Amino acid sequence: MNDLLEVLNPQQQQAVAAPAGPTLVLAGPGSGKTRVLTYRIAYLVGAMNVPAWHILAVTFTNKAARQMGERVQKLLGAQAEGIWLGTFHAVCGRILRREADLLPVDRDFVIFDADDQETLMKEVVREANLDDKLYRPASILDAISRAKNDLVAAEDFPVHNYRDEVTRRLYLQYQQRLVRNNAMDFDDMLVYTNQILENYQVVRETYSHKFEHILVDEFQDTNLAQYAILRNLALLHHNLYVVGDEDQSIYRWRGADYRNIQRFQTDFKDARVILLEQNYRSTQTILDGAMAVIDRNLNRTRKKLFTEQTRGDRINLIVAQDDRDEASRVVSAIRDGIIRERQPASAFAVMYRTNAQSRLLEEAFRREGIPYRLVGAQRFYGRREVKDIISFLRLIHNPKDEVSLRRVINLPARGIGDKSIEKLAEAAAQAGISMGEVLLDMAAGGTETGLSISREGARLLAFARMLHAWRESSTKNTPAILFDRVVEDTGYQNYIQDHSDEGIERWENVLELRTVLLEYEDQGLGAFLEAMALVADQDTLPEAVDAPVMLTLHAAKGLEFDQVFIVGLDEMLLPHSRSRDDEEALAEERRLLYVGITRARKRLTLTRAQRRRSPYGSYEETIPSRFLDDIPAEVLQGSSRGLPGRFAAKQWDDYSRWESPAFMPARREAQPAAKRFKAGMQVRHKTYGRGVVKASRLEHGDETVEVYFEGYGLKALVASLAGLEIL
DNA sequence: GCATCGGATTTTTTT
DNA sequence: AATCCGATGC
């Protein structure tokens with residue numbers, strides 16, 4: 001055990017070997033957080049003799065869970081047997097299946113993903129005779145989700161205006177529908193788990209007795225529901241060990257509340273607090289840039305990140321002509337790194353704010369013939385054909401799943417249209433059972449509903465018999481055999497293979513799904529479906545592939561790369577336009593950039609484009625991200641910040657409301673009426689040193705000077721900002 | 001019941 | 001630009 005501690009610095013040792021009791025580890029980026037967590041687990045088992053099955057470790061993403069699992073396995077081997085380690089949702093799923101008797105749904109409940117939720121909500125809205133333009137299902141669901149994250153039940157939904165009143169009604173309806181579908185959504189998993197812990201003393205005691213030690217990663221991203229669960233689980237032993245960094249809280253929109261860190265310290269007065277500040281990842285230059293960005297945020301504990309590494313290269317700034325140019329410059333920089341500098345391709349990562357930004361990058365990579373890895377985005381599991389097949393399987397597993405039933409009952413087209421489906425729905429309503437159950441009843445020869453006599457009944461009956469046969473098959477055969485039957489019986493291959501390239505790709509996806517299914521031969525269909533619902537972010541490519549990675553800033557959390565490119569440092573993108581009038585949201589955008597910057601080990605490149613194709617149509621001029629202003633010139637190199645556009649009078653008017661007041665002063669006053677510089681002048685710049693003016697022009701009410709600096713090359717500088725000294 | 005066409009509508013991040 | 005929705009015609 002002692003050699004375990006030897007490789008750690010004093011703070012890490014203190015954290016790993018902390019005595020039992022509530023503990024809060026505030027860990028800056030790259031401070032060895034995951035290491036501390038895994039070693040802590042090893043320490044509990046090895047030094048404190050805690051059996052692994054008394055330990056619960058919770059993470060946010062599957063990626064993090066997998067990573068931690070592997071490391072713990074390596075440290076402990078067989079001793080790790082029995083530990084509960086997984087995402088919040090996976091852990092809750094496990095508890096809920098075990099305690100299903102206490103739920104309004106049965107053990108075979110399915111988990112509705114965002115698509116399913118929207119389908120269901122659309123129906124609820126329509127049923128309520130409301131306009132789905134006015135009450136957009138997505139936005140209603142958003143409100144409901146927020147309520148659930150705050151543990152607010154439908155009955156308690158606060159009503160301040162008419163819209164709230166409507167939302168409340170829809171919330172109530174939606175919950176009812178979920179139960180009727182024997183389903184729950186992601187948020188329900190947390191809400192239900194907390195409910196049974198709160199309401200049933202036996203359950204609470206069982207689990208809080210079982211989990212002597214609870215460890216939580218990314219604690220700053222917990223929402224109230226998650227916090228409540230943790231508190232209930234830790235009730236008996238109080239051994240809640242949480243690791244987090246408020247500066248990396250980036251899931252506010254999902255209900256995360258970094259104030260849980262403060263809440264924790266209030267609820268557990270005796271909590272030990274340990275600070276990890278030494279960074280083992282990045283160069284000091286990168287850390288300086290990161291701190292300069294994050295220090296602008298208020299209400300936080302200021303941390304001083306330091307490293308023993310060298311200063312390293314400056315942060316590179318590329319200002320591209322337009323977004324396409326931006327993508328190709330990033331890709332050619334990566335190509336140079338791979339070819340000229342002989343860096344492994346997987347040392348590079350490109351990060352962006354929105355998934356949509358990956359498209360141009362993909363195209364650029366393809367133009368250069370460089371293979372790449374795309375994390376998340378147009379997810380494999382989101383593909384239509386994949387969802388189709390999963391819907392069949394889900395319906396077989398849980399016939400009450402009406403969303404799946406409606407999706408597949410006429411797929412491929414078998415003459416069952418809206419009319420027939422409505423008849424079926426009516427029959428179900430009258431019999432007081434679900435549509436799927438009506439079908440199964442029909443297949444079994446039941447005449448209870450009298451549906452099978454009518455003309456459309458014949459077609460329904462045919463489908464019903466198929467469903468019935470599949471159900472039989474599912475109890476006797478492995479999931480893969482069932483899968484084959486479904487595909488064959490429905491003629492699904494012919495349906496999607498329309499001889500186009502796309503059709504072939506679709507079919508390949510179906511086959512790919514089958515290979516995933518093979519891994520669940522032993523665990524069964526239920527486990528497969530649960531994994532499908534919860535493992536949506538899974539990368540579809542094996543990690544071993546040596547290729548650059550493209551991913552969102554959100555997906556980048558917890559990862560690190562030698563060379564990081566963050567693209568799109570423009571207003572509207574980063575910070576994103578949606579956060580424009582919300583201080584808190586803006587602070588979160590800043591944290592997002594901070595997370596991105598601190599992923600870099602050796603080199604960091606920030607890029608922006610002067611023009612961008614708007615998602616709507618034509619090109620639009622951009623404004624440089626306000627965050628660029630915060631990075632001190634001493635740590636930057638490359639293009640000028642591309643600032644001229646920012647002060648163009650016209651744009652200023654359009655976008656002035658964008659600027660927070662604190663950033664506005666001084667700069668506008670400095671507009672010169674005439675040129676101060678002309679070609680040939682010797683000047684001095686505080687970063688670049690001595691240079692010769694090549695050209696100067698008045699632009700957008702400011703003076704842009706091109707200066708040639710020894711060792712840096714030609715730079716375009718804005719006179720009012722650059723602080724050029726004429727020699 | 002189904003296919004096709006045209007018009008309207010796109011609001012970020014993920015378990 | 002791309003996708004979704006609805007209306008129309010077969």
Side-chain angles (χ1 to χ4, degrees), chain A residues 58-65 86-93 111-119 122 126 132-133 136-139 141-142 145 148-149 184-191 193 218 221-223 225-226 249-256 351-360 375-379 381-382 384 409-422 455-456 459 530-538 551-558 568 572-582 585 588-589 591-593 595-596 613-619:
Chain A
V58 202
T59 63
F60 266 82
T61 62
N62 296 294
K63 222 181 312 171
T87 63
F88 263 103
H89 290 84
V91 168
C92 289
I111 298 158
F112 272 12
D113 69 13
D115 281 352
D116 305 324
Q117 292 183 57
E118 202 157 330
T119 311
K122 237 179 245 167
R126 210 170 303 156
D132 64 357
K133 298 269 180 330
R136 305 233 329 271
S139 98
L141 284 167
D142 203 54
S145 174
K148 287 181 178 176
N149 288 154
M184 62 177 74
D185 63 24
F186 285 126
D187 301 320
D188 285 335
M189 299 184 78
L190 305 174
V191 172
T193 302
E218 308 283 12
D221 281 330
T222 49
N223 56 38
Q226 289 162 331
S249 167
I250 55 175
Y251 286 103
R252 201 182 73 104
W253 50 276
R254 215 172 74 191
M351 302 170 187
Y352 34 80
R353 175 69 240 264
T354 69
N355 278 307
Q357 288 170 266
S358 71
R359 216 197 73 235
L360 286 171
V375 177
Q378 7 97 290
R379 296 140 20 203
Y381 298 100
R384 175 160 43 105
I409 194 168
N410 197 32
L411 197 121
R414 57 174 70 86
I416 302 177
D418 290 346
K419 280 268 163 54
S420 306
I421 294 175
E422 279 327 298
R455 209 174 325 116
E456 50 272 271
R459 286 170 175 163
E530 175 137 345
M532 288 306 99
L534 297 181
V535 186
D537 83 326
Q538 205 179 54
L551 70 182
T552 63
L553 288 164
H554 282 90
K557 191 162 71 163
M572 314 296 278
L573 224 41
L574 187 64
H576 194 270
S577 52
R578 287 269 312 230
S579 349
R580 71 165 86 187
D581 349 273
D582 182 345
E588 180 146 312
E589 298 286 311
R591 292 195 289 269
L592 210 39
L593 175 60
V595 166
R613 205 178 265 280
S614 72
Y616 184 54
S618 56
Y619 277 104

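Quick caveat, the model's predicted, so the values are computed rather than measured. Proteins come first, then strands; the chains are lettered A, B, ... in the order of their sequence lines, and each starts at number 1.
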Participant: Roughly how far apart, to the nearest Å, are B/dT13 and C/dC4 at atom P?
Facilitator: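 To the nearest whole Å, 16 Å.
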Participant: With a 4.0 Å cut-off on heavy atoms, is A/Tyr251 in touch with a base, just the backbone sugar-phosphate, or nothing at all?
Facilitator: sugar-phosphate
Participant: A/Thr87: what forms a side chain to side chain contact (heavy atoms under 4.5 Å, CB included) with it, not counting sequence neighbours?
Facilitator: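 With sequence neighbours excluded, A/Thr87 shows a side chain to side chain contact (heavy atoms under 4.5 Å, CB included) to A/Thr59, A/Asn62, A/His89, A/Ala90, given in chain and number order.
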Participant: Ignoring hydrogens and angles, tell me if any N or O in the side chain of A/Glu118 forms a donor-acceptor pair with the backbone of A/Asp115 under 3.5 Å.
Facilitator: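 No, the answer is negative, given that no donor and acceptor are paired below the 3.5 Å cut-off.
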Participant: Does a side-chain N or O of A/Asn62 approach OP1 or OP2 of B/dT15 to a distance below 4.0 Å, or not?
Facilitator: no
Participant: Determine whether a donor-acceptor pair (N or O, by modelled atom type, separation under 3.5 Å) exists between the side chain of A/Asp113 and the backbone of A/Asp116.
Facilitator: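 Checked: pair present.
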Participant: Under the 3.5 angstrom rule, does the side chain of A/Asp188 hit a backbone N or O of A/Asp185 as a donor-acceptor pair?
Facilitator: yes
Participant: Once you apply a heavy-atom cut-off of 4.0 Å, does A/Arg136 come out as touching a base, just sugar-phosphate, or nothing?
Facilitator: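 Base contact - A/Arg136 has a heavy atom under 4.0 Å of at least one base atom.
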Participant: For the side chain of A/Ala413, counting heavy atoms from C-beta on, which of B/dC2, B/dT15, B/dT14 is nearest?
Facilitator: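 Of all the options, the side chain of A/Ala413 is nearest to B/dC2.
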Participant: Quick one: is A/Ser420 getting a side-chain N or O under 4.0 Å of the B/dG1 phosphate, OP1 or OP2?
Facilitator: yes
Participant: Determine, answering yes or no, if A/His576 is stacked on B/dT13 under the 5.5 Å centre rule and the 30° plane rule.
Facilitator: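 A/His576 vs B/dT13: stacking no.
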Participant: Would you mind reading off the distance between A/Glu422 atom CD and B/dG1 atom P, rounded to a whole angstrom?
Facilitator: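 These atoms are roughly 11 Å apart.
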Participant: Round to a whole Å and report the spacing from CD of A/Glu588 to C1' of B/dT13.
Facilitator: 8 Å
Participant: Distance between the C1' atoms of C/dC5 and B/dT12, in whole angstroms?
Facilitator: 24 Å
Participant: Looking at the side chain of A/Thr552, which of B/dT15, B/dT12, B/dT14 is the nearest nucleotide?
Facilitator: B/dT14
Participant: Atom CD of A/Gln357 and atom P of B/dT13: how far apart are they, to the nearest Å?
Facilitator: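 Atom CD in A/Gln357 sits about 9 Å away from atom P in B/dT13.
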Participant: If you only use heavy atoms from C-beta on, which nucleotide in B/dT12, B/dT15, B/dG1 is closest to the side chain of A/Arg578?
Facilitator: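 In terms of side-chain proximity for A/Arg578, the closest of B/dT12, B/dT15, B/dG1 is B/dT12.
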Participant: Mark this stacking check for A/Phe88 against B/dT15 as yes or no, applying ring centres under 5.5 Å and ring planes under 30°.
Facilitator: no
Participant: Would you please name every residue forming a ring pair (Phe, Tyr, Trp, His ring centres under 6.0 Å) with A/Phe60, sequence neighbours left out?
Facilitator: A/Phe88
Participant: Could you state the OH-P distance from A/Tyr352 to B/dT13, rounded to the nearest angstrom?
Facilitator: 10 Å
Participant: Among B/dT14, B/dG1, B/dT12, find the nucleotide with the atom closest to the side chain of A/Arg254.
Facilitator: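 Shortest atom-to-atom distance from the side chain points to B/dT14.
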Participant: Once you round it to whole Å, what is the distance between P of B/dT15 and CG of A/Leu190?
Facilitator: 13 Å
Participant: Rounded off to whole Å, could you give me the CD-to-C1' distance for the A/Glu118 and B/dT10 pair?
Facilitator: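 After rounding, the reported distance stands at 13 Å.
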Participant: Would you call A/Lys419 and A/Glu422 a salt bridge, taking side-chain N to carboxylate O under 4.0 Å as the test?
Facilitator: no
Participant: To the nearest Å, give me how far apart CG (A/Asp115) and C1' (B/dT14) are.
Facilitator: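 Spelled out: CG on A/Asp115 to C1' on B/dT14 is 13 Å.
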Participant: Just by distance, do the side chain of A/Asp221 and the backbone of A/Ile250 share a donor-acceptor pair under 3.5 Å?
Facilitator: yes
Participant: With the criterion being N/O to N/O and under 3.5 Å, what pairs connect the protein with nucleotides 2-6 of chain C, and how long is each?
Facilitator:
{"unit_1": "C/dC5", "atom_1": "OP1", "unit_2": "A/Lys122", "atom_2": "NZ", "d": "3.1"}

Participant: Go through the steps for A/Trp253 and A/Glu588 under the test side-chain contact (heavy atoms from CB on, under 4.5 Å), then give the verdict.
Facilitator: CA-CA 9 Å; A/Trp253 50 276; A/Glu588 180 146 312; 3.4 Å; yes
Participant: Which nucleotide in the set B/dG1, B/dT14, B/dT15 lies at the smallest distance from any side-chain heavy atom of A/Asn355?
Facilitator: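 Among B/dG1, B/dT14, B/dT15, the one nearest the side chain of A/Asn355 is B/dT14.
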Participant: What is the distance, rounded to the nearest whole Å, between atom NE2 of A/His554 and atom C1' of B/dT13?
Facilitator: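 It is 4 Å, rounded to the nearest whole Å.
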Participant: For A/Asp187, report the nucleic acid contact type (base, sugar-phosphate, nothing); a contact means any heavy atom under 4.0 Å.
Facilitator: nothing
Participant: Both A/Gly417 and A/Thr87 contact DNA chain B. Which one's nearest nucleotide lies toward the 5' end?
Facilitator: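 Nearer the 5' end of the strand: A/Gly417.
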